[in-house]
Amino acid sequence: MKSSGFQLGMYNFGLHVAPYDAPEVQGFLRREPLNFAAAERASGFVARSGYEGEPGPKSWGIQVFPRFIEGSGHDSGPSSLSVWADIESLMAFSYAGVHAEALKNARNWNTRNDWPPLVLWWLEAGRRPDWEQAAERLEWLHDHGAGPRAFTFKQAYGPDGAPLEIDRDRVKALIEANAPGQSDLLEQLKHLPV
């Protein structure tokens with residue numbers, strides 16, 4: 001469902017099973033540029049925040065993390081912040097192609113957690129959320145459950161605040177439309193160890 005005047009914010013956060021530079025998480029790090037490239041080529045992708053001090057897009061504010069990082073022994077965790085045209089576009093990217101392969105292997109690199117792995121929310125078209133707002137939305141989702149302010153694919157809401165029925169046929173069509181643009185990235189994945 002394309003909703004004029006609104007776009008979808010997405011934030012995810014997790015923790016690695018080992019420090020960032022440890023051999024156990026190198027499979028994740030090798031895939032990260034391929035996932036970013038696949039997102040940028042995907043139908044409905046609007047923009048993503050970069051990370052302070054790293055090449056790529058500018059960071060949308062100072063990167064902060066949700067309270068779930070406290071006591072973990074980590075000072076950062078894998079996270080991303082992006083904006084999409086609609087929920088179907090994000091779903092098509094997330095569950096097919098390059099990103100689906102990363103999800104399949106995520107248990108090798110990330111800890112199991114009791115907080116939601118991602119949060120979705122609507123924002124006015126053209127607005128960019130910052131890291132602090134995104135972390136707060138994830139905490140809110142954990143504390144209060146899905147609602148119009150913060151939700152998930154499983155329990156989605158529209159910009160009007162009403163429960164949203166995801167158009168699964170459109171998701172399938174977007175997956176097919178995205179596939180040709182990921183073929184070279186998928187070929188690169190074949191040569192990466194987990």
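Remember, it's a predicted structure, so these values are computed and weren't measured experimentally.
A distance of 9.5 Å separates NE2 in H16 from OG1 in T111, rounded to the nearest 0.5 Å. Taken to the nearest 0.5 Å, the CG atom of L174 stands 7.0 Å off from the CG atom of D86. In this structure, CG on L123 lies 7.5 Å from CG on L8, to the nearest 0.5 angstrom. Going from atom OG of S59 over to atom CH2 of W131 covers 6.0 Å, rounded to the nearest 0.5 Å. Here the CG atom belonging to L120 is positioned 6.0 Å from the CG atom belonging to L90, to the nearest 0.5 angstrom. In this structure, CG on D184 lies 4.0 Å from CZ on R41, to the nearest 0.5 angstrom.
L34 forms part of a hydrophobic cluster together with V98, L185, L186, L189, L192, judged by ILVMFWY side-chain heavy-atom separations under 4.5 Å.
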Would you check, one step at a time, whether the test side-chain contact (heavy atoms from CB on, under 4.5 Å) holds for M91 with R168? CA-CA 9 Å; M91 186 174 257; R168 305 283 175 176; 3.7 Å; yes
Could you walk me through whether W121 and W140 satisfy the side-chain contact (heavy atoms from CB on, under 4.5 Å) test, starting with their C-alpha distance in whole Å, then the side-chain angles of each, then the deciding distance to 0.1 Å, before giving a yes or no? CA-CA 11 Å; W121 71 98; W140 196 94; over 6 Å; no
Does the side-chain contact (heavy atoms from CB on, under 4.5 Å) test come out yes or no for E139 and R67, once each step is laid out? CA-CA 7 Å; E139 292 176 356; R67 67 174 189 266; 3.5 Å; yes
Quick one: do S49 and Q63 satisfy side-chain contact (heavy atoms from CB on, under 4.5 Å)? Show the steps, please. CA-CA 10 Å; S49 174; Q63 190 175 14; over 6 Å; no
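Side-chain atoms of W109 and V194, non-hydrogen and from C-beta on, do get closer than 4.5 Å to each other. Looking at heavy atoms from C-beta onward, V17 lies in side-chain contact with V25 at the 4.5 angstrom threshold. At least one side-chain heavy atom of F13 sits less than 4.5 Å from a side-chain heavy atom of I69. Under the 4.5 Å side-chain criterion, counting only non-hydrogen atoms from C-beta, N110 is in contact with P78. Under the 4.5 Å side-chain criterion, counting only non-hydrogen atoms from C-beta, M10 is in contact with S80. You'll find the side chain of I175 stays beyond 4.5 Å of the side chain of Q182, heavy atoms only. Proximity of L118 to Y11: side-chain heavy atoms (C-beta onward) are nowhere separated by under 4.5 Å. Inter-residue side-chain proximity for I87 and F153 is flagged as met; some heavy-atom pair is nearer than 4.5 Å.
For F6 and W122, the ring centers are positioned 6.0 Å apart or more. Between F65 and H74, the distance from one ring center to the other does not fall under 6.0 angstrom.
For R127 against P129, the heavy-atom pair with the smallest separation is O-CD, 4.0 Å. Heavy atoms only, all atoms of each residue included: E24 and A18 are closest at OE1-CB, 3.8 Å. Nearest heavy-atom pair, G161 versus P148, reported as atom, atom and distance to 0.1 Å: O-CG, 3.4 Å. Between K104 and R107, the closest heavy-atom pair is O-NH1, 2.6 Å. Nearest approach of S82 to W84, heavy atoms of both residues: OG-NE1, 2.8 Å. Closest approach of G44 and S89 over heavy atoms only: CA-OG, 3.5 Å.
V119 and L164 fall into different hydrophobic clusters, where Ile, Leu, Val, Met, Phe, Trp and Tyr side chains are chained together by heavy-atom contacts under 4.5 Å. Criterion: ILVMFWY side-chain heavy atoms under 4.5 Å apart, direct or through other members. Under it, L141 and W115 are part of a common hydrophobic cluster. Under the 4.5 Å side-chain heavy-atom criterion for ILVMFWY residues, a single connected hydrophobic cluster contains both L138 and L15.
Here E40 pairs with R48 in a salt bridge; the nearest charged N to carboxylate O distance falls below 4.0 Å. Note on D167 versus K172: no salt bridge recorded, every NZ/NE/NH1/NH2 to OD/OE distance being 4.0 Å or above. Between R31 and E101 there is a salt bridge, with a side-chain nitrogen of the basic residue lying less than 4.0 Å from a carboxylate oxygen of the acidic one.
Within the structure, the side-chain hydrogen bond (donor to acceptor under 3.5 Å, both in side chains) test picks out no pair touching residues 90-99 (sequence neighbours left out). Each side-chain hydrogen bond (donor to acceptor under 3.5 Å, both in side chains) pair with one or both residues in residues 149-164, not counting sequence neighbours, appears once here: E136-R149.
Taking the six-membered ring for Trp and thresholds of 30 and 60 degrees, Y51 and F36 have ring planes inclined between 30 and 60 degrees apart.
Atom CD of E132 is surrounded by 12 or fewer heavy atoms from other residues, nucleotides or ligands within 6.0 Å.
No side-chain donor-acceptor contact under 3.5 Å links N178 to the backbone of A92.
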